[in-house]
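Counting starts at 1 for both ligands and their atoms, in listed order.
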Amino acid sequence: MTAQAQARAEIDVDVVVVGAGFSGLYLLHRLRGQGMSCAVFERGDGVGGTWYWNRYPGARCDVESPYYSYSFSPELEQEWEWTERYPAQPEILRYLNHVADRFDLRRDIELDTEVVSAAYDEARHRWDVIVRSTADGTQRSVRAKYCVMATGCLSAGRVPDFEGLDAFAGEVYHTGSWPHEGVDFTGKRVAVIGTGSSGIQSIPVIAGQAEHLTVFQRTPNFSVPARNQPLDPEEWRRIKADYPRLRELARRTPTGLPFPPSTASALETAPEEQRQVLEEHWTLGGFRLGQCFSDLAVSREANDVVAQYIRERIDEIVEDPAVAELLKPYDHPVGTKRICVDTDYYATFNRDNVTLVDVRSAPIARLTEAGLSTTAADYAFDAIVFATGFDAMTGALLKMQITGTGGTTLAEKWSAGPRTYLGVATAGFPNLFMVTGPGSPSVLSNMVTSIEQHVDWITDHIRYLEERGHSCSEASPEAEDAWVQHVNDAADTTLFPQANSWYLGANVPGKPRVFMPYVGGVGAYRDKCDEVAARQYEGFSVA
Ligand code: N01
């Protein structure tokens with residue numbers, strides 16, 4: 001440790017917050033408002049979390065701009081101007097920087113600093129947190145009564161364990177940690193590996209630059225046109241004037257968006273009418289197509305109506321029938337993997353400079369000095385882009401060494417999959433809270449709505465403890481067991497477990513197969529959390 005770091009060691013604050021994205025920024029604002037001292041640690045050299053790291057070409061949110069924003073400040077709502085129907089990554093990052101400045105948050109945020117470990121000191125009811133500078137590796141300790149993980153659900157990037165990963169002599173990128181100065185692919189032979197949301201957004205843009213783009217697809221996904229456009233000023237004015245009602249509605253729907261779910265069953269709708277609903281949603285754009293009937297998440301027969309409709313659109317757009325066939329998903333029901341929202345994705349495969357390679361039939365065997373080899377052929381590239389996703393929901397938490405009571409680590413406790421009470425706390429880890437943790441609606445919802453709900457609930461709970469002079473609060477094992485059972489039962493009533501998705505950890509070899517988010521919906525989940533609070537935080541042992 002340097003002398004300076006030593007001098008700053010042993011800082012004692014009320015709350016340590018890990019991460020300065022949407023969650024961490026709002027946590028800091030709320031906790032300060034409660035008169036608490038906070039230290040926020042952020043591994044990036046700027047605020048923004050997901051939107052700081054994911055700067056790949058075409059990166060854009062699939063939730064419409066007016067609803068992908070904080071609702072806690074009516075002034076902020078009114079003063080910020082979104083420019084497009086869906087916000088592009090630079091615009092969201094500008095928004096979050098504006099929030100950091102507007103609410104004077106930066107003075108309690110330490111950038112370039114990652115949390116290495118957090119251990120609970122049972123005698124003193126304090127978390128001992130070790131943080132490390134990403135610039136020079138120096139470490140120091142910080143002590144706090146509470147520790148709140150605002151680490152994000154999709155923040156631990158993942159590159160498959162290909163043989164010869166270091167062999168390739170060209171440029172290598174991962175969509176989730178894109179160079180800040182951008183990348184110019186002009187005149188280059190580029191590979192994109194992966195066709196999830198990140199791949200599907202970046203492929204059309206990279207194809208527009210590269211001399212040649214080769215897309216390596218293992219599993220096709222359902223993708224729906226975004227139909228992005230400049231935000232209509234008149235509509236934007238209407239939304240702003242109506243924000244209180246729209247926000248309240250969003251807090252009560254299953255998705256956290258102010259659009260009540262469809263009540264019409266696909267199976268009880270006549271074919272001509274089904275067609276009309278599907279056409280309307282395809283023309284509207286965005287993932288609401290995946291919710292256009294009430295039974296899509298529970299009936300395979302109903303789901304097939306939408307799946308078949310999307311496959312027909314692929315046939316219509318893609319000129320080469322063999323390529324169209326490869327792009328059509330058959331292996332999972334629509335919506336059991338996040339529906340992708342694209343701009344010109346399928347049409348990109350009509351370009352002369354784009355080739356689709358199926359790595360289901362001939363997997364990638366290794367990276368080579370020139371490019372990569374599948375079991376069927378060798379390829380040469382100037383650049384390889386990994387759009388291969390994340391160790392979702394638990395990856396960022398388990399990267400830290402978190403030790404609770406009795407010396408048990410979180411990794412040990414979650415060795416068979418994550419276990420939480422309400423997705424905010426886990427037994428054996430007192431005064432540790434998670435924002436949008438496993439067991440909460442999180443990634444199945446509009447993240448900002450869910451983040452605000454969690455931050456409000458966690459900070460209310462902390463205020464409750466402080467006002468009564470309590471030293472700790474811990475989820476009880478019984479409450480946790482019952483919640484985990486409920487989360488599993490809820491998932492089992494749906495088609496979700498039928499897909500090999502990252503919701504189940506299926507994208508990470510060896511990860512326990514457990515359905516991680518809560519499918520019960522934002523509104524019902526909020527009611528449950530409110531009920532727990534109203535019953536003096538039922539299910540928590542408070543001392
Ligand atoms: O990651 P993914 P992502 N060989 O895991 C493939 C959110 N998001 O970064 O499906 C070959 O979805 C893998 O293939 P398979 C959103 O919630 C939102 O794209 O495992 N291929 C898959 O095609 C999203 O769901 C937005 O067979 C391999 C791809 O890599 C989540 O982030 C934008 C492979 C990974 O897809 C993650 O999306 C971006 C291998 N060995 C992201 N290993 C918006 O708001 C993996 N793959 C719009």
Side-chain angles (χ1 to χ4, degrees), residues 22 49-51 53-65 67-68 85-89 92 152-163 165 173-178 191-203 205 214-226 228 285-287 290 327 329 331-332 335-343 345 356-367 372-375 384-393 395 436 442-448 450 499-509 511 516-517:
F22 264 102
T50 289
W51 300 104
W53 296 103
N54 286 268
R55 302 180 187 220
Y56 58 83
R60 186 181 290 285
C61 188
D62 53 5
V63 172
E64 285 144 312
S65 299
Y67 313 118
Y68 198 74
R85 179 176 173 190
Y86 300 92
Q89 173 273 333
I92 305 174
C153 297
L154 294 157
S155 47
R158 215 196 131 253
V159 170
D161 196 12
F162 293 128
E163 189 186 316
L165 263 186
Y173 305 101
H174 186 283
T175 49
S177 53
W178 202 258
V192 172
I193 303 174
T195 52
S197 299
S198 305
I200 280 177
Q201 284 192 325
S202 58
I203 284 163
V205 185
T214 308
V215 176
F216 292 88
Q217 171 191 272
R218 188 165 65 182
T219 315
N221 262 303
F222 290 101
S223 192
V224 173
N228 186 42
F287 57 61
L327 288 166
D331 72 306
H332 63 280
T336 54
K337 286 182 165 190
R338 176 85 163 199
I339 292 185
C340 301
V341 176
D342 73 88
T343 299
Y345 175 63
L356 180 65
V357 175
D358 171 28
V359 291
R360 171 74 56 194
S361 56
I364 295 170
R366 70 189 68 80
L367 264 64
L372 63 80
S373 300
T374 66
T375 52
I384 296 180
V385 175
F386 286 98
T388 45
F390 301 88
D391 183 354
M393 305 205 70
T436 63
S442 61
V443 290
L444 298 179
S445 70
N446 176 10
M447 281 301 286
V448 187
S450 286
N500 284 320
S501 66
W502 56 257
Y503 298 142
L504 273 155
N507 64 326
V508 180
K511 191 166 172 172
M516 294 182 283

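- Considering only non-hydrogen protein atoms, atom 1 (O) of ligand 1 sits nearest to Gly389 CA, 3.1 Å.
- Across all non-hydrogen atoms, the minimal contact from Val205 to Gly58 is CG2-CA, 3.8 Å.
- Residue-level proximity to ligand 1 for Gln217 is absent, since no heavy atom of it falls below 4.0 angstrom.
- Gly285 approaches Val224 most closely through the heavy-atom pair C-CG1, 4.4 Å.
- If you look at Phe216 next to ligand 1, there are no close heavy atoms at all, none under 4.0 Å.
- Residue-level proximity to ligand 1 for Tyr86 is absent, since no heavy atom of it falls below 4.0 angstrom.
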Take Gln89 and Trp51 through the test side-chain contact (heavy atoms from CB on, under 4.5 Å) and record every step on the way to the result. CA-CA 6 Å; Gln89 173 273 333; Trp51 300 104; 3.9 Å; yes
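- Annotation: atom 6 (C) of ligand 1 to nearest protein heavy atom, Gly194 CA, 3.7 Å.
- Close contacts between ligand 1 and Phe162 involve ligand atoms 4 (N), 40 (C), 41 (N) [criterion: under 4.0 Å to a heavy atom].
- Ring geometry for Trp178 against Tyr56 counts as perpendicular: the plane angle is over 60°, on a 0 to 90° scale with 30° as the lower cut.
- At a heavy-atom distance under 4.0 Å, only backbone atoms of Ala387 (N, CA, C or O) approach ligand 1.
- Smallest separation of non-hydrogen atoms from Thr175 and Ser202: CG2-OG, 4.4 Å.
- Looking from atom 5 (O) of ligand 1 to the surrounding protein, the closest heavy atom is Trp502 CD1, 3.6 Å.
- The nearest heavy-atom contact from the protein to atom 36 (O) of ligand 1 is Gly196 CA, 3.6 Å.
- For a threshold of 3.5 Å applied to N or O pairs, the pair formed by Arg218 and ligand 1 contains at least one separation below that value.
- The shortest non-hydrogen separation linking Pro87 to Ile92 is CB-CG1, 3.6 Å.
- The closest protein non-hydrogen atom to atom 18 (C) of ligand 1 is Ser197 CB, 4.0 Å.
- Qualifying salt bridge (Lys or Arg N to Asp or Glu O under 4.0 Å) partners for Arg158, counting only residues two or more places apart in sequence or in other chains: none.
- From Ser223, atom OG reaches atom OH of Tyr345 across 7.5 Å, with rounding to the nearest 0.5 Å.
- Considering backbone and side-chain atoms together, Trp51 places no N or O closer than 3.5 Å to any N or O of ligand 1.
- For ligand 1, the atoms lying closer than 4.0 Å to a non-hydrogen atom of Cys61 are 45 (O).
- Residue Thr195 has at least one N or O atom closer than 3.5 Å to an N or O atom of ligand 1.
- Gln217 pairs with exactly one of Val357, Leu327, Ile193 by the side-chain contact (heavy atoms from CB on, under 4.5 Å) rule, that one being Leu327.
- Here the protein heavy atom with the shortest distance to atom 44 (C) of ligand 1 is Arg60 O, 3.5 Å.
- Close N/O approach between Arg158 and ligand 1 is not found [any backbone or side-chain N/O within under 3.5 Å].
- Only side-chain heavy atoms of Leu154 come within less than 4.0 Å of ligand 1; its backbone N, CA, C and O stay farther off.
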Check the pair Trp502 / Val508 against side-chain contact (heavy atoms from CB on, under 4.5 Å), numbers first and verdict last. CA-CA 8 Å; Trp502 56 257; Val508 180; over 6 Å; no
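- Residues satisfying the ring pair (Phe, Tyr, Trp, His ring centres under 6.0 Å) criterion with Tyr86, sequence neighbours excluded, are absent altogether.
- Residue contact check: Gln201 has heavy atoms under 4.0 Å from atoms 33 (C), 48 (C) of ligand 1.
- Proximity of Leu372 to Phe162: side-chain heavy atoms (C-beta onward) are nowhere separated by under 4.5 Å.
- For ligand 1, the polar-atom distance check against Thr219 finds a nitrogen or oxygen pair separated by under 3.5 Å.
- Within the listing of ligand 1, atoms 10 (O) sit less than 4.0 angstrom from a heavy atom of Lys337.
- Of the N or O atoms in Tyr56, none lie within a sub-3.5 Å distance of an N or O in ligand 1.
- The shortest N or O to N or O distance between Ser198 and ligand 1 is below 3.5 Å.
- The main-chain N or O of Val443 is found under 3.5 Å from a side-chain atom of Arg338 such that the two form a donor-acceptor pair.
- Closest of all the heavy-atom pairs between His174 and Gly157 is CE1-CA, 4.0 Å.
- Contacts between Pro160 and ligand 1, counted as non-hydrogen atom pairs separated by less than 4.0 Å, involve the side chain only.
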